[in-house]
Amino acid sequence: MSGSKFVYVTYIRITPEKLWHALTTPEIIKQYRFGMSVESEWKVGSTWRMYADGSLMDSGEILESVSQKRLVMSWLNEWKPEFKAEGNSRCVYEIEPAGASAKLTLTHSIERPDSKFIGAVSEGWPMVISNLKSLLETGDVALVYHRNHSSVLGSSLAWVPG
C-alpha cells in the first residue's frame, strides 16, 4: 500500500465481550474519548458521527461489524479542512482473546502517502486507547481533558494526567 497507516496494539485485562461493549457504547466512549459523543447503530451500512461540544468532528459508515471480533469504519474528518480534503480513511478494530485478556489491534489508514490526518491521529490514538485500557482495568481514565474554548473550533486540548 502506498498510503499512510497507523497501527496500535495493546492487551487489556478484560473479555472480548466487554471490550466490544466499550467500543460500541456511547456512554463509555464519552469517558475515554475526552467527552466526545458518538452516535451509531454499529451495524453494517449505518452511519456514525462523533461530536465535541455539539460540533461534528468526524463521521463515516460502518463497513464491517462482527461482535467481539472486528469493527471496520470509514472515517472522514469534518472539522479541519486540510484533513477533510484528504477524503475518507479507514479505521479497523480487531479483538482477539489472549488468556485472561483481550488483544486490541487498531489500524487507521488512508490511500494517500504522507497523510497529515494519519499523522495527527497517530498522536491522538495512543491517548484514547490508553484511556480505554485504564478505564476498563481500573475504572478511571489515565488522561483528562480541558478544552480551550478560546481556540478556533474549540479543538485545542490540554492533557493532564488523570
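Note that the structure is predicted; figures quoted are calculated from it, not measured. Residue numbers run from 1 in the order of the sequence given.
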Hey, what's the ring geometry for F117 with H108, parallel, tilted or perpendicular (30° and 60° as the breaks)?
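It falls in the perpendicular class, over 60°.
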Testing the basics here: between [X] and [Y], what is the closest heavy-atom pair and its distance to 0.1 Å?
{"X": "L104", "Y": "Y93", "answer": "CD1-CD2, 4.1 Å"}
{"X": "D58", "Y": "W75", "answer": "OD1-NE1, 2.9 Å"}
{"X": "S101", "Y": "R13", "answer": "OG-CA, 3.5 Å"}
{"X": "Y8", "Y": "S130", "answer": "OH-OG, 3.8 Å"}
{"X": "L106", "Y": "C91", "answer": "CD1-SG, 4.0 Å"}
{"X": "S4", "Y": "D114", "answer": "OG-N, 3.1 Å"}

Contacts of K116 that satisfy side-chain hydrogen bond (donor to acceptor under 3.5 Å, both in side chains) - sequence neighbours left out:
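K116 satisfies side-chain hydrogen bond (donor to acceptor under 3.5 Å, both in side chains) with no other residue.
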Side chain proximity check, K5 to T107, heavy atoms < 4.5 angstrom:
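Side-chain contact under 4.5 Å: yes.
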Compare all side-chain heavy atoms of V7 with those of T105 and state whether any distance is below 4.5 angstrom.
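They are in side-chain contact.
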Working to the nearest 0.5 angstrom, can you tell me the gap between N88 CG and E111 CD?
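Rounded to the nearest 0.5 Å, the CG-CD separation comes to 12.0 Å.
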Side chains of E61 and S74: donor-acceptor distance under 3.5 Å anywhere?
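The criterion, which ignores hydrogens and geometry beyond distance, is not satisfied for S74 and E61.
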N/O donor-acceptor pairs under 3.5 Å from side chains in residues 34-45, not counting sequence neighbours:
unit_1: S40; atom_1: OG; unit_2: W42; atom_2: N; d: 3.0
unit_1: S40; atom_1: OG; unit_2: T47; atom_2: O; d: 3.0
unit_1: W42; atom_1: NE1; unit_2: T24; atom_2: O; d: 2.8

